[in-house]
Each structure stands twice: as C-alpha cells, then as structure tokens.
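In what follows, every chain begins at residue 1, and chains take the letters A, B, ... in the order their sequences are listed.
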Number of protein chains: 2
Amino acid sequence: MTDILPDARNLAFELYEVLDAEALTRRERFAEHNRETFDAAINTARNIAEKYFLPHNRKSDEHEPQYVDGAAELIPDVKPAVDAFLEAGFLNATRTFEQGGMQLPTLLSQACFTQFQAANIATSSYCMLTMGAANLIENFGNEEQKQRFLQPMIEGRFFGTMALTEPHAGSSLSDIRTRAEPADDGSYRLKGNKIFISAGDHPLSDNIVHMVLAKLPDAPPGVKGISLFIVPKFLVNDDGSLGERNDVTLAGLFHKMGWRGTTSTALNFGDNGNCVAYLVGKPHQGLNYMFRMMNEARIGVGMGAVMLGNAGYKYSLDYARNRPQGRLPDGKDPSSAQVSIVEHTDVKRMLLTQKAYVEGGYDLGLYAARLFDDTETLETEEQRKTALELLDLLTPIVKAWPSDYCLKANELAIQILGGHGYTREYPVEQYYRDNRLNPIHEGTNGIQSLDLLGRKVAMNNGAALKQLSGLIQNTCSRASEFESLNALREPLEKLHAHIGKVTLALLGEMGQGKVNQALANSALYLNAFGHMVIGWRWLEQAIRAEEGLARGNAVDSDFYRGKLQAARYFLTWEVPGCHHALTVLENRDATCLDMQDSWF
Amino acid sequence: MTDILPDARNLAFELYEVLDAEALTRRERFAEHNRETFDAAINTARNIAEKYFLPHNRKSDEHEPQYVDGAAELIPDVKPAVDAFLEAGFLNATRTFEQGGMQLPTLLSQACFTQFQAANIATSSYCMLTMGAANLIENFGNEEQKQRFLQPMIEGRFFGTMALTEPHAGSSLSDIRTRAEPADDGSYRLKGNKIFISAGDHPLSDNIVHMVLAKLPDAPPGVKGISLFIVPKFLVNDDGSLGERNDVTLAGLFHKMGWRGTTSTALNFGDNGNCVAYLVGKPHQGLNYMFRMMNEARIGVGMGAVMLGNAGYKYSLDYARNRPQGRLPDGKDPSSAQVSIVEHTDVKRMLLTQKAYVEGGYDLGLYAARLFDDTETLETEEQRKTALELLDLLTPIVKAWPSDYCLKANELAIQILGGHGYTREYPVEQYYRDNRLNPIHEGTNGIQSLDLLGRKVAMNNGAALKQLSGLIQNTCSRASEFESLNALREPLEKLHAHIGKVTLALLGEMGQGKVNQALANSALYLNAFGHMVIGWRWLEQAIRAEEGLARGNAVDSDFYRGKLQAARYFLTWEVPGCHHALTVLENRDATCLDMQDSWF
C-alpha cells in the first residue's frame, strides 16, 4: 500500500534543518522537551493515524453521514479513531502539563496533526473543530464557562463547532440575523438558523458545544454588533452532569462533493423559543474573538490542503514508478521494453510540480506554526507583537495558496493515473474532491485576497510587509553565497521588487479613496504575493539543501538533490510567470471592474 | 430553472456573423439548405435536448449503470432520449438525403450536437460513439460490412464502440496484445482484453458493434502491426436478423468520478475461443484508419468540454445575479441593502474568465467543424488538402485547450456558488466531475502536446503552421482598422512572433536529433500555442462585435459589448502571460528532463 502520510525525512528536514525546532526547547515553556520527545510525539501521531484514521478514509466517502430521526449517524469507524486521538492527548498537545496537556510548541502540534489530516481529513475535522472551540472558551470565556464547558472538552467528553454562516449571508457576517435576547437568569435565548456547520451533529461525544455568532437587541449594525455565545446541545448542570436537551435542532445535512465523512449541518436555534445561550466575553466583541482565533484555524485549513495534495503526490509518484507504458521519444523501437512512466519528461513535470506545491506549502504552514509559537513565547512583548504582525500578514497566504495550488496538485495526480485516476477504484479523485472545499471555507480565497491587500499589507504603516521584505532579503543574501543558487535567487529578487512597487501604487490609490479600483484585481495580487512567499520558502529550503549536500552524507544526497530541483522548478518556472499579472495590477486594469451585468 | 444550453444569440453570432455558415449553402452538397433549415435543425435539437436529455442528467449521476448478470443496466430515462435523437435524424445529420440523412454541413451537425452534450454529456455519448463507429465502417469497410453492420447503425438499431485501450498499455497502442487468428471462413477469431470501453454494454440497441484494434499473427511490431476489426455483440445472419451471441463478454464496469451515465466497461474477447471478428480494410492499417477519424472525434471531445464549461458558466451567472451578499469596498454601510454578488469585481472576474474560455472554445470548435466541411466540399483537391492540413494542426488544440480551460471554468463556477457549489444540491460540482475526463480520454493532453510539437507543426515543411500564421496575420491586419482593438491585437502579434521563433528553435533541435530535449517541455508549448489560437479567435470575434456595434442595432449592443470585454480579458490578461513559458522552451530548460526518479 502506498504510504501517503507526510514523508518522515522531509519533516525532519523542516523541523531540524530549516526551522530549528530544537531552539524552541531553550524557551521556558518548552524546556522539558528535546528532539527525542518531539520525534516521539510525531511517531505516536503517525502510528495512530495509520492504524485508526487511514483505513476508513474511503469508507467515509462512500458512506456519508445519514440523517435519522433528527440526528446524524456516522459509520462506526470514526469513534475509535477520535477516541485514540483523544487518548493519546493530541487534543491538548499545546496545553500545559498542569492542564493535562503535552506542553508542545504549536510547530510540533501542527506537525503531529498533519498526520491525521493526511490519513483522513474528514475524521480529523471533528478533532480540529473541537480544538478551535475549546481555544475560544479558554481565551475569552469566564471561569464558570471554562469549568462547565472547556474542562469536559479537554477531557474529550464534549466536542465543539463554530457556527457563523447563515443562509442569506454566507460570507457577509455583518448581515447575520440570529438574535440573542437576555433572560432573567443572566443567560440568553437564541433564535436563528445556521448552515454549513461542520460537525454540527454526530454521536462521537456526550455533548456538543456550539460557538455561535448572534446579535443582541441593542447591537449596532454590521460586524460591530456581533456577539459570541456558547450554545450546548445538552444543558449542563452545576455538578457537571448533563441536563435536558437544549432547543437546537438538526434541520438537515448537506451532501457534499467530498470531505463527506464530516457532517455539514443546518442547525435551527430556538424553534421552540427556548434555546439557552451563554455570552462569551463582552457584548459585540464576537467577531474580534473569532478573528483572534483565525490565524490558527487558517493554518489548519492550509495544512489540510497540503496534506491532501501530499496524498495525491505520493500516490501518483508510486503509480508512476510502477506503471510501465510507452518509450522515450528517441527510443521508439516497439520491441524494446516499455519504460515506467516516471521516465517520461511530462510525467516528471507533473510530479515535480506537485512536489514544489506540496513541500512549499508544507514548509510555509510549519513556518507559520513556529511563528505562532513566537507570538506566545518570545521574550519581550515587542518581539511577540512583531511576530504576530508577520503572522497576520502571512495568514491569508497560508490559507489560500495551498488551497489553490495543492488542489492543482491533485488534478495532476489524477492526470498521471490517466483513466484509472478518473475511477473511484483509485483514491486520487477523492483527494481532489476533498480538497475542493479548502478554497471555499474559512473565508473564500477571494476574501483572503481582500484581507491581504485591503488590510494586512497596509496595517501599522506596512510594518509587517517591511518585516517580510527584510526576511526575504536576508534569505537572498545568504543564498548569494552559493553560486549554484544564483539562477534561483534572481527571479525571487525581481518578483520581490516588482511586488513592492505595485503595492505602493495600490496603497496610494486607496489613500486617494479609490478603494474599488485599488482592490479590483486583488485575486492577482494574492496569487503573486503567494508565489513570492513560497518562492522565498523554497530558496530557504534550497540553502539548507546545499548545506546538507556540503556535509556530504551520501544517503541524503538524493533527498537534497530533489529539494534543489523542486526549488529550481518553482523559482525558474513559476515565480517569473507572475510579472504580467503585476503589470495588470500596476495599470489599475479595469477590465473586470468595468464589466456590466447586462453584458454577460 | 437556469438555461444551461448554448446561448442562441451567441450561436447565431458564430454561424452567421463569424463563420458565414450561409456561404456553405453555395456548395453543391449543401445547396438544398439555407439559414432557415439550419435554424430549424438547431431548434429541433434544442427541444429534444431540453425535453429528453436534460431532465435525467443528475439522475444518471446518482444512479450509475449497474452490472447485473453479465450485462449493464441503465436508468430507464436514457433510452427514450437516444430514441428521440435517432427519430429526429441527428445520428445521420451529415449523411446524404439518399442515405436517409439530413445532408447538413458538419458545422451545423456539431452545433446541433452541442445541444445534447450540454444537456447530458453521458447520454449523448452513446450517440457520439455510434456515429464514430459508423463513420469508420462507412469509410473503410467493404460493401458487405456496410450492409450488415453500417445500415442497422444508420437505422439506429445497432450502436457502436471504439475498443482500443488494454490494461497493460493505456496510451501505448503499439503494445496492445489482442490477437486475431484467421478462421477458415475468411473471418477472424479474437483473443484479448480491453478496458475503459465507453458504451461497451447497455440495453439501448439490438446489437453493439465494437470497432476493435488487434494484431494479426504476422503483424510487424508496434503501431504498424495493428489491424481494425468489427466485433458484433450478436452475430448477424445473412438476412440481417440477429444470430447467436458472440464470444465477447462484459467483465465489469468502472466506477468513475463523473460522466457516470455512460458505461465504462472491461470487455473480454474470446474467453471461450470463439470471438468472431471481421477485418476492416487492409491488414496492419488499423491505426491509420482510427487516426483518420480522430479529427472529428477530437472536435467532439473539445466541444463536450466546452458545453460542460458553458453549463457551469450559465449556472453560476444566474446564481450571481440572484444571490445578494455583502457590499462593495467603498460602500460598507451595514444598514444598506446587500448587493448581488455579480456586482463584486472578483465575481465578475470569475464570470468573465469563464465566458472567455467557454465562448473562445466554442468558436474554435465550430471553426474546426467548418474546416472539416472544407476538407470535404471545397472545390479542388488542393484546397481540400490545404484545409485538412490546417485541421490536422489545430486538432490537438481543439481537443486539449477546452478540456484544460473549460475545466478551470467549472472550478470557477463552484467557487462562485461557494459552500453551495460544493454540495450535490447544486449541479456545478457534477459539471466539474464530468469534465475531468476530457483532458484524459481520446489521447491525454500530454499526448496532444507531443502530437502538436513532435508531428503537426513540422509536417510538410511547416505548411500548416505557415497557413495558420497567414490567417492570424490577416485577422490582425483587419483588426488594425479599428483603433479600439489595438490593445487587443498587439498582444496577439507579440505572442505569434514569439511562438514562431520558439518553434524554429525547437524544430532545429529536433533536426539535430535531440528529440528528448526538444520535446521535453511540450506541455508548455501546447498551452502557449493554444492561447495564441484562442486569442486569434477572440480577436476575430472582437472584429465582428465592432462591426455589429457599428450597425447600431440597440438590442444587440449589450451582447457585442460583452464580446469585446471577454476578448479584452483574454487578450490582455491571459495572452501576454504566456511569454515566460516560451522563454523556458527557448532555453531548452532541462529542469524536468534532468529530474531523477531517485530524487523524488
């Protein structure tokens, strides 16, 4: 069976050669850790992923959740998997030892979690949503809420959801209509409907804690009037035992293209006027709270996209090595043996492209996770703030770029398998279908592009962008010590300079109030910016590969040569292809802006 | 319900303003026709497509064919649809009146057929395969074969298939192993296995006529030793009645990602040593015969891709017009009403991109169909040969470009519908899944790129390429009369010049015997060449749109403005983006060629 989990050598390269994970153990929070404990956590995750998550990945797709008597039923294989995940402590990988956690850096917890995402994205989602909901309560809930709801989540007895989207206002949260009326006991009564709520019902836990966005009666209009509520499926008594069923009902399930193992639900709150809800934090601050959790959630989405891309890459590589077919253009003698298709240059191209997208995205996701650690554990507040700025800037890239390009990787995996890839007898078509969700959820990639250009590059006078530029220049400067890397470095320097110029022009336009014009082609900006960031990460990987080659460890030389070739592909084939789009941006091209509905 | 069939105004534009279909009626073969008969045929096709094909498109996907007791069972809706198609005469649209046909130009028969493809690609495939098989017998079979097999196909009683692919040799036909032994009665006995045979079994017709590639005992190795055979499911008696069941058995069905309504079969020939087969034409000429049918088949595949792209475009456009969500960047007042998402520039971009891909591909497919008419009905043999050369050159583009780009269009349609687009409650995800087959079958797009660069551009000393260059220059020269088109024309001229230069360099490389090097990056060449061709077709459409605007018919002005904007999008956003890939080609970049299996 093809191993489609993250390559162990590549992960060690990332952790110990590129991202210096061991340096984290010199920080107080992680002082108990060392490379051995890190590797042990990864190996445990990998073993559980292989044993419990991987085997039912196809079965989940073929037997999606069913709506039976107002509840969602799942195949029986999901619960033992999440139980094993909980049992091994991965839900609390980053929590302190006192909380019963592993006190691991986020870098390591993400590296562990990618094992589960790779093995079974749908089953891993129940865990990820619970982690997200728990983090919200931990950061913004009061002590009573933590006792009543967070503690059972940490113990794995309660699961969680994020309930934002409403039928009439998909991406436009400012227009949500769910209402929260204060009740006499200090709690609230909710009324409204939510859709696309992942893990909104299932039989995996004793209770489900919905984190719901809703508006108070005195709420100002728009996003400034959104509050965050805890809405448990079952009320929880003071002694922690489960009380009666709350007035939140499963209205139905969505039938998705992929990612089918995760229930996608329509939930009705307060159909009978008695949906009990608890305000989290202050009124009208709900969206702020959600956004403060978004960096982590979006790293998770990006990493999920990378893992689906990785699965297709690994599967199609194995197939290409073992499938004889045809001959090279200069060796057409039909009586000669057929060659493996991995020998065909166009197949190599499709594999190298996948490798560049997948390993580029993986590196960026881990880099962002390490940055997340910096935001929490660097020494001074100033340092932590600086790290957070960079993370805020990179977040739209971390989410959008892998979800666009690792989806393309999945298309290439199907193409390599040809007719077989198009059948459900092989797994690559499922990887595509699963991955197709990632450019849509957790903020569409169009919204990510507006976030990047309309908010992130300009924030704090462009401080984050300057920081990123400094990092890119530093990498280029170190790369310039290797003559072999000149051809890779120069395209990055050119793109970096061009993006700087375009950014100034667009920010100037916005400064003049021409917001629609400046943001019109933001999708092109996100794409070029993403290529710059991934190009930078690939140049960084290439430097490490050259250093590795110089150490002369023969068993590793194929690995490093592969890294250099993928870096070469990305930096010389893909990065220079971005300039025309930047020219379109520079010219404030109005082709799309000017298009009229009646002209379609 | 959203109308997803080809837009009638656009089709009239293509036929009567761009491609001058009426000029065909001045040729003897089409002298009985006029615009009214053309339009009547299209309207009939549209009505049947709407009434019989469209309603079960989703049902076919949800209830794919089942293997029951050695036969394939379909949902009952398919037969009335193909019967209505046959009844109305579309199977024989291009055959002569004497043969019982409509004697229509291929241009018109393709335009009619796109209605069925748009409504239901899977059901239309049973018709398309039968047409292809019938054409093979008509062109290369002997009189007895025509009487026994072709005539019942023309009458709609027998259906057909093309049986090429074998399990161990997908794209490498030179390695097929199916053997044909001569029998005493002048027929042959076949032994072998074929896979991915579309429409290989079904209950739609009295008999199925398989056109099978196999090798005779004395066959030379490779593609020069392949012969073509007729293998009927049931033998046919001298009086035309059905005889006993032939020794061809349905081994199983493939379960595809999409296009599920068409059976994809594994067929065993001669499991019991008694598979009767009839040689078509001369021994060892089978692949030549197949290739002579390929221009038409590949136009059909390209057009199918366009129609699936069109369905997603039309559906997502309708959705965007009716879905209010959010506000423009400069109008964020949350108490104002939400705007339809068609007002968001990034949604306009995704719609305009789809329009450019779909209407560009549609124009090219119809252009190729008209060229096919030229190959058969131009006055002199020299003219017909010249037309055939151009058609041969364009065929890989006609097949590959729409199957790549209209698939991208389907991705954009899903993105516009957001979370809804990802559910099977909406049709756009099915369009994507259906369309994903097109870059794979009928020669993968990788193989199309080798066909283009390795064979077509060089044939007859580059005569076809020179012809195409002349046509492009002619269009550019006519466009230069419109100042408004300068910005559209110049990028095409630049790309055209660059491709000419790159082509010379690559042909020179091949001339020196460096075939592997010259063909290494053929996928990039196909893509850039395809953009040049589609850019040329868009400039041609833009000229016609300017002429239309100049005629000043107010009801049409929105239509023409839409054409000009889509042409602007394609020629200024997409065409100039090809130069970097051409530079990669020009440099004989060896990144992919040099990649080693062990480095992955």
Do B/T591 and A/Q565 pair up side chain to side chain, a donor and an acceptor below 3.5 Å, judged on atom types alone?
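A/Q565 and B/T591 do not have a side-chain donor-acceptor pair below 3.5 Å.
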
What I want to check is whether the side chains of A/D589 and B/W573 have a donor and an acceptor closer together than 3.5 Å.
yes

Could you check which of [options] has the highest count of heavy-atom pairs closer than 4.5 Å to chain A?
options                        : answer
B/Q596, B/H255, B/M350         : B/H255
B/V342, B/T583, B/N445         : B/V342
B/D7, B/L519, B/T572, B/T353   : B/T572
B/K563, B/K348, B/R424         : B/R424
B/G577, B/C578, B/A581         : B/G577
B/S449, B/A520, B/P324, B/S557 : B/A520

Which bit of [X] is near chain A, if near means a heavy-atom gap under 4.5 Å: side chain, backbone, both or neither?
X      : value
B/L437 : both
B/H579 : neither
B/E64  : side chain
B/P220 : neither
B/P167 : backbone

Donor-acceptor pair, [X] side chain versus [Y] backbone, under 3.5 Å?
X      : Y      : result
A/K514 : A/Q517 : no
A/H441 : B/G418 : no
A/N516 : B/D330 : yes
B/D434 : B/W259 : yes
A/D175 : A/H168 : no
A/N322 : A/D318 : yes

Answer with side chain, backbone, both or neither: which region of [X] has an atom nearer than 4.5 Å to a non-hydrogen atom of chain B?
X      : answer
A/Q338 : side chain
A/I341 : neither
A/A337 : neither
A/Y313 : side chain
A/Y432 : side chain
A/L328 : both
A/I414 : both
A/L524 : side chain
A/S174 : side chain

Tell me whether the rings of A/F196 and A/F254 are parallel (<30°), tilted (30 to 60°) or perpendicular (>60°).
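Tilted.
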
Out of [options], return the one with the most heavy atom pairs under 4.5 angstrom to chain B.
options                        : result
A/G454, A/P576, A/P221, A/G326 : A/P576
A/A523, A/G331, A/G225, A/S522 : A/A523
A/R323, A/E343, A/K224, A/K355 : A/R323
A/G446, A/S264, A/A320, A/G419 : A/G419
A/R321, A/H344, A/Q430, A/R436 : A/R436
A/E429, A/R568, A/Q415, A/R349 : A/Q415

What closest approach, in Å, do B/I416 and B/Q354 show between heavy atoms, and which atom pair accounts for it?
CD1-NE2, 3.4 Å

How long is the gap from CG on A/D404 to CG on A/N438, to the nearest 0.5 Å?
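Between atom CG of A/D404 and atom CG of A/N438 there are 10.0 Å.
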
Thinking salt bridges, do A/R327 and A/D333 make one under a 4.0 Å N-O criterion?
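No.
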
Pair A/K256 + B/E425, salt bridge at N-O below 4.0 Å
no

Step through the shown structure and confirm whether more than 12 heavy atoms of other residues, nucleotides or ligands are within 6.0 Å of CZ on A/R561.
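No, the 6.0 Å shell around CZ holds no more than 12 heavy atoms from other groups.
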
